[in-house]
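Below you'll find the structure, written out as structure tokens, and then a few comments.
Letters go in sequence order (proteins before strands), and every chain restarts at 1. Since the structure is predicted, the reported quantities are computational estimates derived from the model, not experimental observations.
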2 protein chains.
Amino acid sequence: MYYCTMYSKELLKGTLQPIILSMLSETNKMYGYEIFTKVKERSDGKIILKDGSLYPVLQKMSKDGVLQFEEVHIGKRVRKYYFLTAKGSEVKRDYLQELKDFLETINELVYKSAVSV
Amino acid sequence: MYYCTMYSKELLKGTLQPIILSMLSETNKMYGYEIFTKVKERSDGKIILKDGSLYPVLQKMSKDGVLQFEEVHIGKRVRKYYFLTAKGSEVKRDYLQELKDFLETINELVYKSAVSV
DNA sequence: TATTAATACATCAATACATGATGTATTAAA
DNA sequence: TTTAATACATCATGTATTGATGTATTAATA
């Protein structure tokens, strides 16, 4: 898994969990590498999740009761299929609402101001 | 200067400099507290810059040659009026372009996906 | 008039997310 | 056969922002 980042790392901060929650609410079961691939494709290669970020956060979200997973053996390889818990669905709704509001606010503030007098 | 934050602190990461650059490109000269006030008003109280973030970053941006300032004495109080340098205008253009692209990408990824088959 | 809020700056240790480096191992492709 | 892709993992490091704390002036309010 190799990559070059499109955006300054700081901009991505706080968006990782919402992104994962969003992906998992569309496709009810996904494993880490699948999420990585999906996000990469959907963003036209602009958002490349780092495995050093992705796998730890999936573990954290499981620990927080937001996700659950089941291990599936594919040949000799193991996949962990993650899915939203009931709590996860709630958290998803809240996080996505907050993110949406944030995007709109920043957009308004930075690009839509300075109305001529 | 007291405050309550609307967004999880992480979401704001990477947006502070673009916000400041944007504000300063509209109003050519502003002092720290004025930027604080303007951002607060423009965002309907949703983005409250912290003085622990604002003043250090203004110093950093000056050190980086992005901003310059002049001190103005108002009675016994001192104000530092900041303004964009030539380099600052370039940096502004780049940062705002990146941020805009980022906002669009996240929006597309998280809210506009899952087209029906 | 006394006290609180607002104005205006500052410093710095602590926080926390994400990164980058590094590792293991299987499977497919060149 | 060697490289790339698949699939997971750990952990020290970086760094932007925060929160706490500080000084001091000026305006408002009780």
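To the nearest 0.5 Å, the span separating CE on A:M23 from CD1 on A:I35 amounts to 9.0 Å.
As a whole-Å value, the separation of A:K38 NZ from D:dT6 C1' is 18 Å. Whole-Å rounding puts the A:E41 CD to D:dT6 C1' distance at 14 Å. Between B:L58 atom CG and C:dC9 atom C1' the separation is 11 Å, expressed in whole Å. Summarising the geometry, the separation between NZ on A:K76 and P on C:dT27 is reported as 6 Å, rounded to the nearest angstrom. Look at NE2 on A:H73: it is 13 Å from P on C:dT27, rounded to the nearest Å. One interatomic measurement links the two molecules: CG of B:L49 to C1' of D:dT18, which rounds to 12 Å at whole-angstrom precision. Distance, B:I35 CD1 to C:dT7 C1': 15 Å, rounded to whole Å. At whole-Å resolution of the value, OH in A:Y81 and C1' in D:dC8 are 14 Å apart.
One N or O on the side chain of A:E34 and one on the backbone of A:Y31 form a donor-acceptor pair closer than 3.5 Å. Looking only at distances, a side-chain donor or acceptor of A:Y111 sits under 3.5 Å from a matching main-chain atom of B:K100.
Nearest heavy atoms, B:F102 versus A:L12: CE1-CD1, 3.9 Å. A pairwise comparison of heavy atoms in B:D51 and B:P56 identifies O-CD, 3.5 Å as the closest pair.
Close to C:dA10, at under 4.0 Å from its OP1 or OP2, lies no side-chain N or O of B:Y55.
Two residues, B:Q59 and B:Y31, neighbour DNA chain C, and the one matched to the more 5' nucleotide by heavy-atom proximity is B:Y31.
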Just distance, no hydrogens or angles: give the donor-acceptor pairs under 3.5 Å from side chains in residues 61-74 of chain B, sequence neighbours left out.
unit_1: B:S62; atom_1: OG; unit_2: B:L58; atom_2: O; d: 2.8
unit_1: B:D64; atom_1: OD2; unit_2: B:K60; atom_2: NZ; d: 2.6
unit_1: B:E70; atom_1: OE2; unit_2: B:K29; atom_2: NZ; d: 3.2

Atom pairs under 3.5 Å: protein N/O with N/O of nucleotides 13-17 of chain D:
unit_1: D:dA16; atom_1: N3; unit_2: B:K13; atom_2: NZ; d: 3.4
unit_1: D:dT17; atom_1: OP1; unit_2: B:G14; atom_2: N; d: 3.0
unit_1: D:dT17; atom_1: OP1; unit_2: B:L16; atom_2: N; d: 3.4

